[in-house]
Amino acid sequence: MNFIYKITKRSSTLLALLLIVLLTLCGSTYGQDNHTIAVMGAFSEELSWIKSQVEQPEEQQVMGYNLTTGTVANNDIVLALTGVGKVNAAIVTTLIIEHFQIDGIIFSGVAGGINPDLLPGDIVIGKTTIQHDLGKITPSGIDHFGVRSPFTGVRNPVFFPADSALLNLARVVANQIGLEKIQTSVGLSTPRIIVGTIATGDAFITSTPKKGELRESIKADAVEMEGAAVAQVCYQFDVPCLIIRALSDKSDENAMDDFERFYSIAAKNANRVVLEIIRNL
Ligand code: ADE
């Protein structure tokens, strides 16, 4: 009897240990039941569709900034508008990280296309993001560098990597989701979703030469004005981050007109991918 008791006790200790290891592993790969995810966008249309899908939405203010909290598929959601540009994006990212216990940040928005194969409506999931306007300007162009965290002294990378668990989930979702067709210059096109490089800078690009330079020097697929700033804040505070952008234009001389035509449908498609990721966490 004593022998059986010892065996049972030993197996239950082993079982408990196994459970702890499993839970720890799951915790690092979005395997838990419930998460708190912040979804950020630069202007209201970049969050309007996902906002319509949030359950029990509540408005809240943090240091004068309006946020919406609620739930999606049992996950707690914080929706935050950043405003346009890197500084605005960094301010709101920092506020959110400071105020909430956040498991991850996803930026959802529109971008200009740099990869010549992409059309308005296509989606770029940022495997990496880079600040294309951060570095040393030389006669032959810009030498990019990462700046140091004043706290740790550690130099940031030039390319910020996306969180691998969020990126993997985005890849899975990309294969499952059906997006609305869009009427483009080449006819009715079903948006493609690629995983690539997103370049960020404080300028709206409407120039074919600049577009060529961003493609040549950093192999960018899309350009926008907030993503890598959000990624830098997340990197320095060790918060998982993913940037998702749907193309509103091709960053060329027609970019302003295309932007007006496509930003609304592009913003919605980016929101749809983000929502599907959150549903599958
Ligand atoms: N966001 C959408 N289109 C853009 C562009 N062409 N340049 C920078 N940011 C953008």
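All figures in this text were calculated on a predicted structure; none of them were measured in a lab. Just so you know, ligand 1 is whichever comes first in the structure, and atom 1 is the first atom listed for that ligand. Only heavy atoms go into these numbers, but all of them, side chains included; no hydrogens, no water, no symmetry mates.
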**Item:** Shortest protein contact, atom 9 (N) of ligand 1 (heavy atom only)
**Value:** E224 CA, 3.4 Å
**Prompt:** Does the side-chain contact (heavy atoms from CB on, under 4.5 Å) test come out yes or no for N269 and I182, once each step is laid out?
**Reply:** CA-CA 11 Å; N269 280 347; I182 297 186; 4.1 Å; yes
**Complete:** The option among A111, S251, A42 carrying the non-hydrogen atom nearest to atom 1 (N) of ligand 1 is A111
**Message:** Looking only at distances, can you tell me whether any N or O atom of F259, backbone or side chain, sits closer than 3.5 Å to an N or O atom of ligand 1?
**Reply:** no
**Prompt:** Without hydrogens or angle criteria, can the side chains of N271 and S108 be said to hold a donor-acceptor pair below 3.5 Å?
**Reply:** yes
**Request:** Have a look at ligand 1 and work out which part of S248, if any, has a heavy atom under 4.0 Å from it: side chain, backbone, both or neither.
**Result:** side chain
**Message:** Please check: side-chain N/O of E226 versus main-chain N/O of G85, any donor-acceptor pairing under 3.5 Å?
**Reply:** yes
**Message:** Quick one about N156 and Q236 (side-chain donor to acceptor, distance below 3.5 Å, no hydrogens or angles considered), yes or no?
**Reply:** yes
**Request:** Report, in ascending order of atom number, the atoms of ligand 1 lying under 4.0 Å from any heavy atom of A203.
**Result:** 8 (C)
**Request:** Could you list which atoms of ligand 1 come closer than 4.0 Å to a heavy atom of D249?
**Result:** 2 (C), 3 (N), 4 (C), 5 (C), 6 (N)
**Asked** Does even one non-hydrogen atom of G109 get within less than 4.0 Å of ligand 1?
**Response** no
**Asked** Does a donor on one side chain sit under 3.5 Å from an acceptor on the other, for E253 and S207?
**Response** no
**Prompt:** Does any N/O atom on I205 come nearer than 3.5 Å to any N/O atom on ligand 1?
**Reply:** yes
**Request:** Keeping the roles fixed (side chain from D103, backbone from T36), state whether a donor-acceptor pair exists under 3.5 Å.
**Result:** yes
